[in-house]
Protein chains: 2
Amino acid sequence: MKTIKDIARLSGFSTGTVSRVINNHPDVNPETRRKIEEIIAETGFQPNANAKFLKQTISSTITVIVKGIQNSFFETILEEMQKAFKENGEEVTVVFLDEAENEVTAAKQICSTRKPRGLIFLGGNTKEFAKNFASITVPSVLVTVDASQLGFENLSSFTTDDISGAKEAVGYLIRSGHRKIGIVGGSLEETNGQLSTFRLQGAQEILSRHQIPFSFEENYAPCRFSLEDGYMAGRELLRKNPDITGIFALSDLIAIGVVRAARDEGKRVPEDLSVIGYDGIEYVRYSVPRIATVRQDAAQLAKRSVEDLLMRVSYTRAAVHEKIPYTVIAGESVIHPKN
Amino acid sequence: MKTIKDIARLSGFSTGTVSRVINNHPDVNPETRRKIEEIIAETGFQPNANAKFLKQTISSTITVIVKGIQNSFFETILEEMQKAFKENGEEVTVVFLDEAENEVTAAKQICSTRKPRGLIFLGGNTKEFAKNFASITVPSVLVTVDASQLGFENLSSFTTDDISGAKEAVGYLIRSGHRKIGIVGGSLEETNGQLSTFRLQGAQEILSRHQIPFSFEENYAPCRFSLEDGYMAGRELLRKNPDITGIFALSDLIAIGVVRAARDEGKRVPEDLSVIGYDGIEYVRYSVPRIATVRQDAAQLAKRSVEDLLMRVSYTRAAVHEKIPYTVIAGESVIHPKN
DNA sequence: TGACACGCTGTAAACGATTACATATATTAT
DNA sequence: ATAATATATGTAATCGTTTACAGCGTGTCA
C-alpha cells in the first residue's frame with residue numbers, strides 16, 4: 001500500500017503539501033497541485049482513513065443505523081434517505097443490525113470508529129434509548145419511534161401518529177359496515193415496542209367508541225411483523241372466530257399473510273373478508289386484490305429526518321419531535337360485508 | 001473521550017498491560033485483568049478503533065457489500081449469511097450501495113478503512129470486476145454472479161445456473177401446454193449484467209428447441225427488476241400481444257407486477273394467463289394465486305459463500321466457482337391454457 | 001533600505017492504540 | 001547455590017495522516 005510519504009517522495013514535495021492537496025486546502029500553488037494530483041492518479045493512492053480519522057476529531061460522514069431489514073417499509077425509507085442525502089451532497093454510511101443487536105451500543109462503537117457528524121436510527125427500542133443514549137453526543141434522529149418522552153436534547157424524532165392512523169384504519173372498516181372485527185399483529189407484552197402498542201391502542205379506542213365488542217380472546221391474534229407470522233396468526237384467528245368480516249393487520253406484511261390465510265380457510269377477500277393493513281409498502285399496490293392500508297409517508301419521514309439532522313449538525317438547534325401525516329389508502333380488499 | 005492511557009493511570013498499570021487485557025492476551029495475571037476490566041467497565045471506555053486499525057495490518061471483521069437493496073432476494077441471502085457468520089462466531093459489517101455506486105471502488109475504500117480479513121460481494125457487475133478487482137488482495141467471494149471467467153485467484157463465486165433454471169421455468173410452461181409464450185424483464189443491452197443475459201439465453205434456447213416462435217418484437221418486454229417496472233412491462237406485452245398464454249418473468253418481483261398487469265388488462269391468472277417467476281422470494285408463497293417460480297437456494301448460496309470465505313481467510317486455498325442447485329416450485333399461477 | 005505582509009512549502013509533534021523487546025521476579029532444575 | 005526458565009509487566013517505536021508553526025523568497029511601502 002502506498003502512503004502519503006511515497007507520494008511526497010515521488011512528487012518531490014513534502015507530506016504536508018501532499019496532505020493539503022488531498023484535502024483541497026487553498027494555499028497550494030496550482031502548478032504544485034497539478035503535479036501532485038497527477039502522481040496520486042498514477043499510483044492510485046488512497047489515503048488511509050484510519051490515520052485520517054485518528055488525527056481528526058470528526059469525520060464528514062453521517063451514519064444511518066437500521067434495525068431489522070426484514071421490514072420492507074424500512075427499505076423504502078432508507079432509499080428515500082439516500083436520495084435526500086445525495087441531494088445535499090452528503091456522504092452516508094448505512095449499518096444494518098439484526099433484531100438481537102443493541103442499536104445504542106452499536107452506535108457508540110460507530111462513533112468511536114467513524115466519528116460521524118450525525119446519526120440516524122431507523123427503528124429502535126425506547127427502553128434501550130432511555131438507558132444508554134446519554135453517552136451519545138452527536139446530533140441524532142430517531143425515525144418511526146417517538147423520542148419526545150425521552151427528552152434528550154440531541155435526539156429528534158419523526159414518526160407517524162400510529163394511534164390516530166390505527167383509528168382511521170379500523171374506522172374505515174366500521175364505516176364500510178363491519179361490526180365483527182379482528183386484529184392481527186403485535187403482542188400484548190409490549191416487546192415489539194411502540195409500534196404495536198400504539199396501533200393496538202388506537203384500534204381498541206375506536207372500537208370501544210363505536211361500542212363494537214372486542215376481546216383479546218376472540219378478536220385478536222398476536223404475531224410478529226412478517227409474512228409467515230401474519231399468515232399463521234390469520235389462520236388462527238379465522239378459525240377461532242369464523243364470523244369476523246373485517247381484519248385490521250398491524251402491518252402490510254401481516255395483511256398479505258392474512259389475505260392468503262383467508263383464502264386457505266376458504267374465504268375470499270374481499271367478498272367474505274375485508275382486510276386493511278398498515279405502512280403502505282409497495283406490494284399492496286400490486287397484489288390481487290390491492291390491499292387497503294394506512295400509508296406512512298416514507299418520503300417525508302426520510303426527508304424531514306435528513307433536513308433536521310443536517311440543520312442540527314451545522315447549527316445549534318433544539319431537537320424536534322414531529323408527526324408526519326399519513327394517508328388512508330382505499331383498496332379492493334375492503335368492501336361492505338354481505339350479511 | 002477516555003483513552004487507554006487514562007485507564008492505565010487509573011488502574012496503576014501500563015498501557016501495554018491494559019492493551020493486553022482488552023485483547024485477551026493470555027499472559028496477564030488474573031487479578032490484574034480483573035482490576036483493569038473493572039476500571040474499563042466503570043469508565044465505559046471504548047478503544048479507538050482507528051488507532052487500532054492504523055496499527056494493525058488486518059482486522060478481524062469480514063465485510064459484506066450489497067448492491068441494490070430493492071432486491072428482496074438479496075435480503076434473504078443476507079439474512080442467511082448473518083446466521084452463518086454468527087454460527088461461526090464471526091464479526092460482520094454490511095455495507096449497502098445503491099445501483100449507481102461502484103462496488104469495487106467502494107471495496108477498496110473499505111479495505112483501506114476497515115482492513116477486513118475477507119470480502120463478500122452480493123451482486124455486482126462483471127465488467128467492473130474485470131477492470132478494477134486486481135487491486136483487491138483479501139480473499140473475496142462474489143455471490144449470484146459467476147466470476148470463473150475472470151480468473152482472479154482470490155475471488156470465488158457462488159451462483160445458480162441461471163441458463164438451466166430459465167430453461168426449466170420456460171419448460172414448465174411448455175409442458176403445461178403453452179405455445180404462446182412471453183418473457184418480461186432484463187434488457188437487450190446487457191447493462192443488467194449476467195442475470196438477465198443468462199436467464200434470457202436459457203429461455204430462448206428452450207423455446208427454439210421446441211420450435212416455439214419467439215421474437216423480441218412480439219414476445220418480449222424488457223424491464224428492470226422491480227414491481228413497478230414489471231407491471232408496466234407486463235401491460236405493454238399483454239397489449240401488444242394479447243394472444244400470449246404464458247409469461248416467464250425474469251424475477252419474482254417482475255412476476256408479481258405481471259400478475260397485477262394481467263388483472264388490469266382484464267385477464268385472470270391463471271385462468272387466462274399463466275405466470276412463472278424466478279428467485280423464490282417469500283412473497284410468492286403468500287400471494288393469491290401462489291406464483292410458480294424457480295427457487296434459488298438462498299440459504300445454501302449464503303452458507304457456502306461464508307464457508308468458503310472463512311476457509312480461504314485462514315488457509316491458502318484456491319478460489320472456487322460453484323453452482324448451487326435450484327428448485328422449480330409449482331404454483332397456482334401456472335395451469336394448462338384453455339384453448 | 002528596512003520592515004512587513006503574503007504566498008507557498010517544509011518540519012515535526014500529535015492522534016491512540018499495538019507489540020517487540022527489555023526487565024523483574026518467582027520457580028524449577030542441576 | 002547457580003543457572004535456566006516461565007510469568008508478568010513496563011517501555012518505547014510504530015502505524016499514516018493532519019496541522020500548528022516556522023522558514024523563505026518576493027513584492028510593497030514608507
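Reminder, nothing fancy here: chain letters follow the sequence lines and each chain counts from 1.
Using a 4.5 Å heavy-atom threshold, the side chains of A/L142 and A/S140 count as separate.
A/I4 places its CD1 atom 19 Å from the P atom of D/dT14, with the value rounded to the nearest Å. Distance B/D6 CG to C/dC15 P: 11 Å, rounded to the nearest Å. The distance between atom NZ of B/K5 and atom P of D/dA12, rounded to the nearest whole Å, is 12 Å. Atom C1' of nucleotide D/dA13 and atom NZ of B/K55 are separated by 7 Å, given to the nearest angstrom. Atom-to-atom, CZ of B/R20 to P of C/dA20 comes out at 11 Å; the value is rounded to the nearest Å. As a whole-Å value, the separation of A/Q56 CD from C/dG16 P is 13 Å. As rounded to whole Å, 11 Å separates atom P of C/dA20 from atom CG of B/D27. In this structure, the NZ atom of B/K52 is 19 Å from the P atom of D/dC15, given to the nearest Å.
One finds a side-chain N or O of B/S14 lying less than 4.0 angstrom from the OP1 or OP2 phosphate oxygen of D/dG10. Contact annotation: B/S19 does not reach the phosphate of C/dA17 (side-chain N/O to OP1 or OP2, under 4.0 Å). At D/dT18, one or more side-chain N or O atoms of A/N23 fall inside 4.0 Å of OP1 or OP2 (strictly under the cut-off).
Where B/L54 and B/F13 meet DNA chain D, the nucleotide closest to each residue was compared, and B/F13 sits on the side nearer the 5' end. When the nearest nucleotides of DNA chain C are assigned to A/T15 and A/N29 by heavy-atom distance, the more 5′-ward of the two goes with A/N29.
A centroid separation of less than 6.0 Å is found between the aromatic rings of A/F121 and A/F129.
The shortest non-hydrogen separation linking A/V313 to A/G118 is CG2-CA, 4.1 Å.
Using a 4.0 Å cut-off between a side-chain N of Lys or Arg and a carboxylate O of Asp or Glu, B/R34 and B/E38 qualify as a salt bridge.
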